[in-house]
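In this text, all values refer to a predicted model and were calculated from it rather than measured experimentally. Just so we're on the same page: letters track the sequence lines, and every chain starts at 1.
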Amino acid sequence: MAEPIKIKTPLSDEDVQSLKIGDSVLITGKIYTARDAAHKRLIDLIEKGESLPFDIKGQIIYYVGPAPAKPGYVIGPAGPTTSGRCDPYTPVLLSLGLKGMIGKGTRSKEVRGAMEKHKAVYFAATGGAAALIAKNIKAVKIIAYEDLGPEAIRELEVEDFPVIVANDTHGGDLYEEGTKKYRK
Amino acid sequence: MREVDYNTIVDAVARLCMDANYYLGDDVVNVLKQALAKEESETGKDILGQLLKNAEIAKTEKIPICQDCGFAVVFLEMGEDAHVKGNIIKAINDGVKKGYTEGFLRKSIVSDPVKGKNTGDNTPAIVHTSIVPGDKIKITVAPKGGGSENMSEVKMMKPADGIEGVKNFVIDRVTRSSSNPCPPTVIGVGIGGTFEYVAFLAKKALLRDIGQRNPDPFYADVERELLEKINNLGIGPMGLGGRTTALDVFIEVHPRHIASFPVAVNTNCHAARHKSVTL
């Protein structure tokens, strides 16, 4: 496998446009967690014209609801959840400048279209590798919706967080192309 | 009649919840190693390697394999000559509460499907009880993740559809599930019984260890054939393309009504969590 590409958040249009499906990427910097329940609340804020709990421009959202941290740990196991549940809310966030998403599983046509239009990438993390992935999370802060428990919005400080580019800004879809390549 | 203490049940269930979440079965570890050796996709190899490394970390540090620590699905085989002092279902739920709280496992259960909030302790458990001969109590805890459960389905087929219809349905279900259930998956298939019982059969099938074939050679052959066909779909680890889409396929069957042909597919992730104890 080719050497992984290292990127730092926040991301610029140039950063995301240089990425292609199949690229192995290591992310360093701040990223934000949100699952569908938190997305619903973000969209409600946008509809009411209120500001979001974090500046979304250039940022990456990670679809995750971590397990509780054992004493001595900053976070419990924290692998990706199914991204498709966030699809109905995603195009609006992309139009506001969201540049990346980390999750597992395919995205809707609408999300893929919005990614091409607004220049954003979708990264796949390994579902079920939650204990391993948590090692790359160095700090955690709950910034909104604590009442949602594992579904609260958290700001994560990550270092060399390992992902694979699944959808790029050029319309590439690794789910489709990868499956086609290995189908017998 | 043999008496079993309430707290014996509570402690056993708590231990099983933790063990099932921390320790990937040796059968799964072995089949993942075999898959890694055969996988052709570079991305696929990377992912299978991550799953093996993840299992090692979880085991060494006693932390969950996955952040989704599942719905606590419990199979209770109650010996007819055994008796628990107190309510055994309550004891199981107290065990789940203890295991998920003390074991730092994620609580994923919402009290009411439409109006509810997180119950905060992962209760209630889903308990499937059967009465068996003897004075022992066997308890199996099989924590079930939401992502793979969502890729499951029951279909009331026609008797005329036969085994070919079953095969087509299973392949179609896996194809439509694509990347969502965190492939490589383990596939449980139920055939026969009634609408609700066939889903139970598919769930029960997931309790088998990798490689354990149906004792009927006819169904054992169908299991092998389905596994090969699924792995030829190209979906691969995490759906990003490759040779390893499922680790095994298990079929459980039951007599059916002359008019009905229920078939169920219950999808599990690679972790295939299940741990048992006999008290």
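- Between the NZ atom in A:Lys181 and the OG1 atom in B:Thr43 there is a gap of 8.0 Å [rounded to 0.5 Å].
- For a heavy-atom cut-off of 4.5 Å, chain B lies close to A:Pro66, A:Ala67, A:Pro68, A:Ala69, A:Lys70, A:Pro71, A:Tyr73 in residues 66-74 of chain A.
- Of all the listed residues (B:Gln67, B:Lys62, B:Glu61), the one sharing the greatest number of non-hydrogen pairs under 4.5 Å with chain A is B:Gln67.
- Residue-level contacts of residues 228-245 of chain B with chain A, in order of numbering, are B:Asn232, B:Leu233, B:Gly234, B:Ile235, B:Met238, B:Gly239, B:Leu240, B:Gly241, B:Gly242, B:Arg243; threshold 4.5 Å between heavy atoms.
- Between B:Lys53 and A:Thr126, every side-chain heavy-atom pair lies at or beyond the 4.5 Å cut-off.
- Pairing each heavy atom of B:Asp46 with each of A:Ser24, the nearest pair is OD2-OG, 4.5 Å.
- In terms of non-hydrogen atom pairs under 4.5 Å with chain B, the most contact-rich of A:Thr179, A:Ile21, A:Leu174 is A:Thr179.
- Both the backbone and the side chain of A:Ala129 come within contact range of chain B, each with at least one heavy atom under 4.5 Å from a heavy atom of that chain.
- For the atom pair OH of A:Tyr182 and OG of B:Ser41, the computed distance is 4.0 Å after rounding to the nearest 0.5 Å.
- Interface remark: A:Thr82 contributes side-chain atoms only to the contact with chain B (heavy atom separation under 4.5 Å).
- Between chain B and the options A:Ala166, A:Ala131, A:Gly105, the largest number of non-hydrogen pairs under 4.5 Å is found for A:Ala131.
- The contact list for residues 108-123 of chain A toward chain B, using heavy atoms and a distance under 4.5 Å, is empty.
- There is no contact between A:Lys180 and chain B, counting heavy-atom distances below 4.5 Å.
- Atom OG1 of residue A:Thr81 and atom CG of residue B:Asn180 lie 10.0 Å apart, to the nearest 0.5 angstrom.
- A donor-acceptor contact shorter than 3.5 Å links the side chain of B:Arg106 to the backbone of A:Gly65.
- B:Glu56 does not touch chain A: none of its heavy atoms, backbone or side chain, sits under 4.5 Å away.
- Contacts between residues 22-33 of chain B and chain A, counted as heavy-atom pairs separated by less than 4.5 Å, involve no residue at all.
- A donor-acceptor distance shorter than 3.5 angstrom exists from the side chain of B:Ser179 to the backbone of A:Thr106, with no hydrogens or angles considered.
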